[in-house]
Amino acid sequence: MKVYNTLSGKKEEFSPQGKEVRMYVCGVTPYDEAHIGHAMSYIIFDVIRRYLRSQNYKVKYVQNVTDIDDKIIDRAAKLGITPAELAKKYTESFDEDMKDLNIFRAETDIYPRATEEIPKIIEVIAGLVDKGFAYPAGGSVYFRVRNDPDYGKLSHRSLEAMRAAECAVGGEEKEDAMDFALWKASKPGEPFWESPWGEGRPGWHIECSAMSLKYLGETLDIHGGGQDLIFPHHENEIAQSESFTGKKPFAKYWMHNGLLQFGEDKMSKSLGNLITIREALNRYSPDAIRIFVLSSHYRSPLTYSEEGLEAAEKGAERLMRASSLGGSKAASAQALDAETYHKRFNEAMDDDFNTAQAIATLFDLAREINEAGDSGLSFSKAQSLLAELGRDVLGLKLPETRIISAGKVTFRISGKLSAKSTVIPDTVSARVNRLIEERVNCRKEKKWQQADEIRKKLAELGVILEDTQTGTDVTYKSVPSEESLNSLMKELGIAL
RNA sequence: GGCGACGUAGCCAAGUGGUUAAGGCGGGGGUCUGCAAAACCCCUAUUCACCGGUUCGAAUCCGGUCGUCGCCUCCA
């Protein structure tokens, strides 16, 4: 398996330290709703992790929550609530988003919060001060960048070049403009913790060093995040961690996803041009969002577009249909060769997680299944493979089809409804089934106009009917209200 | 200004020395169907921004030109 490492700028053979892969992915600062740029990043690392698991690696996963920083304090002050309340609210909202996007979580995962890791953070800062890599000034503590000869190795730039850019600002108390804060003295009214340097709170970068050290040890296998974190965040993490432990590298493989673009610009909170994950989920299925993200390479930027999401929705529908296609009773024993697809899929994923090619393989497999279905060949093996790779590795839901009404009606849920485990109320399905039954009778009697009318009206309510050789398939794209069905039945003169 | 990425069909997007240049969406034609839908089949890039060069051979390597974007400040 080859993995692109930002540190070396090359694809490298993946060889973790042990059987268990130690993986750390930078989490969010919960001060607002997460947007689909976040979704992109977490979907990508989710798939990387799922693939590692499918290749029989164990993965020990840690993802932080930066629940204290300037933005949280400012925002909370504006809203008149405490920073802790604000952070809690948006952490919960983020967790809900991740759940609906089908992001894998294991019992053994750790999602540490900065505010709950203060002792470890102070321990690391104190260690850096002892070793001369950091110095207190004015109640804060700064990292002494010039003492780290490796500084800049991840972002591939020199200290001189950075100084020349004259972008480093503030900090009259700093020895060097490039030095960054490990510990920030608190201002009146701000939340604070006691420390050897006075009341204050942790700087942004230090929590990741402290948490990864505490939960994953001195050397990580994979450290991931968006490309916007390469500098300064990850550069600073390396500086802190390697200076503290004296061990290099802090992380064997640094993986960074490309950023989501929105029109001409990057989608970001500061530009205000964002679509939240919640808004996206209200319009598109989680599978569509995943296919949209995974259809291009994870290191390339991706531009958000309605057309792109709609195209992905159609694709998701296609995979879902193939994975739930009912087998013919007359299917011959001759099965198609699923193994070549499995091989192609793995080869794509082994090459730095080429999900675009992996998905293309699934589309080819779907075509084979449909073809086999048309020609009466057995395709159950191919179908299990499609479901396995789609669900377990790419994290798609590929909503299950359930056969109801004695095999006459195939029931499906698709589109955005699949984000939650939607249940169609009995009162609703009873009415829909009654309408289908009525339509079946109309068709038997060749009352085509009436049959078409029922189909059309149900479609307007988000219930799609399709006739097959064995009966009628019903797909719920939304759940109609009992009342709307009642009035439809009244209009058509059909009694329950 | 410094560092980096990218420019492949109507749109999205793989491919990075020799393959018929993946796949999805869209469009056109057909099969099936009462009609639809779905599915399947065929067609939709003689060509990979442009100009030179290396090579028996380049979308793929090198140089240049034009264009787009990211990072250098909080960000996934």
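Numbered from 1 within each chain, the chains take letters A, B, ... in sequence-line order. None of the values given here were measured: they were computed from a predicted structure.
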Student: Is A:D70 touching bases, backbone alone, or none of the nucleic acid, heavy atoms closer than 4.0 Å?
Tutor: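 Answer is nothing: A:D70 stays at 4.0 Å or more from every strand.
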Student: Which one is paired to B:rC66, where only Watson-Crick or G-U wobble pairs with both distances under 3.5 angstrom count?
Tutor: B:rG7
Student: Got a salt bridge between A:D100 and A:R278, using NZ or NE/NH1/NH2 to carboxylate O under 4.0 Å?
Tutor: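 Counted as a salt bridge, because a side-chain N and a carboxylate O are separated by less than 4.0 Å.
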Student: Could you state the atom-to-atom distance from CD1 of A:I277 to C1' of B:rA76 in whole Å?
Tutor: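 That distance rounds to 10 Å.
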Student: Answer yes or no for this row: A:F363 ring on B:rG23 base, centroids under 5.5 Å, planes under 30°.
Tutor: no
Student: Tell me whether the side-chain N or O atoms of A:R455 pair up with the base of B:rA37 as donor and acceptor below 3.5 Å, since no angle test is needed here.
Tutor: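 No, the side chain and the base share no sub-3.5 Å donor-acceptor pair.
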Student: Please work out if A:R290 contacts a base, only the sugar-phosphate, or nothing of the nucleic acid, heavy-atom cut-off 4.0 Å.
Tutor: nothing
Student: For A:R443, answer base if it contacts any base atom (sugar-phosphate contacts may also be present), sugar-phosphate if it contacts only those atoms, and nothing otherwise; contact means non-hydrogen atoms under 4.0 Å.
Tutor: base
Student: Examine the base of B:rC74 for any acceptor or donor lying under 3.5 Å from a partner atom in the side chain of A:D69, and report the outcome as yes or no.
Tutor: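 Per atom types, no contact qualifies.
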Student: Tell me: CD of A:E453 to P of B:rA36, nearest whole Å?
Tutor: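 One finds 17 Å between P of B:rA36 and CD of A:E453, rounded.
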Student: What nucleic acid atoms does A:D364 come within less than 4.0 Å of, heavy atoms only: base, sugar-phosphate, or nothing?
Tutor: sugar-phosphate
Student: Please confirm whether A:Y42 and A:F94 have ring centers closer than 6.0 angstrom.
Tutor: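 They qualify: ring centres under 6.0 Å apart.
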Student: What distance, rounded to whole Å, do you find between the two P atoms, one in B:rG52 and one in B:rA58?
Tutor: 14 Å
Student: Establish, with yes or no, whether the OP1 or OP2 oxygen of B:rG4 is under 4.0 angstrom from a side-chain nitrogen or oxygen of A:R299.
Tutor: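 So the side-chain polar atoms of A:R299 never come under 4.0 Å of the phosphate oxygens OP1 or OP2 of B:rG4.
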Student: Just to be sure I understand the rule, does A:Y42 reach a base, reach only the sugar-phosphate, or reach nothing, if contact means heavy atoms closer than 4.0 Å?
Tutor: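 Since only primed, P, OP1 and OP2 atoms lie under 4.0 Å of A:Y42, the category is sugar-phosphate.
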Student: What's the NZ-P distance between A:K153 and B:rC71, to the nearest Å?
Tutor: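 For the pair A:K153 NZ and B:rC71 P, the rounded distance is 24 Å.
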Student: How would you label the contact of A:A360 with the nucleic acid (heavy atoms, under 4.0 Å): base, sugar-phosphate, or nothing?
Tutor: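 Result for A:A360 = base.
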Student: Starting at atom NZ of A:K456, determine the distance to atom P of B:rA37, rounded to an integer number of angstrom.
Tutor: 15 Å
Student: Could you check whether A:D452 gets within reach of a base, just the sugar-phosphate, or nothing at all, counting any heavy atom under 4.0 Å?
Tutor: base
Student: Please state how far atom CD1 in A:I48 lies from atom P in B:rA76, giving the value in whole angstrom units.
Tutor: 17 Å
Student: Both conditions, 6.0 Å and 45 degrees, for the charged tip of A:R49 above the ring of A:F104: are they met here?
Tutor: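 The answer is no, since A:R49 fails at least one limit relative to A:F104.
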Student: Salt bridge between A:R321 and A:E317, side-chain N to carboxylate O under 4.0 Å?
Tutor: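 Judged by the 4.0 Å cut-off on N to carboxylate O distance, A:R321 and A:E317 do form a salt bridge.
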Student: Just to be sure I understand the rule, does A:H297 reach a base, reach only the sugar-phosphate, or reach nothing, if contact means heavy atoms closer than 4.0 Å?
Tutor: sugar-phosphate
Student: Does A:G9 reach a base, just sugar-phosphate, or nothing at all? Heavy atoms under 4.0 Å.
Tutor: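 Nothing, no heavy atom under 4.0 Å.
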Student: To the nearest angstrom, how far is A:E371 atom CD from B:rU31 atom P?
Tutor: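 The distance from CD of A:E371 to P of B:rU31 comes to 19 Å, rounded to the nearest Å.
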Student: For A:K446, answer base if it contacts any base atom (sugar-phosphate contacts may also be present), sugar-phosphate if it contacts only those atoms, and nothing otherwise; contact means non-hydrogen atoms under 4.0 Å.
Tutor: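 Nothing, no nucleic acid heavy atom in range.
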Student: Which whole-number value in Å describes the distance from A:K447 NZ to B:rG34 P?
Tutor: 19 Å
Student: Answer with base, sugar-phosphate or nothing: what part of the nucleic acid does A:G308 contact at a heavy-atom distance below 4.0 Å?
Tutor: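 Nothing, no nucleic acid heavy atom in range.
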Student: Check A:K153 with A:D148, please: is the shortest side-chain N to carboxylate O separation under 4.0 Å?
Tutor: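 A:K153 and A:D148: not salt-bridged.
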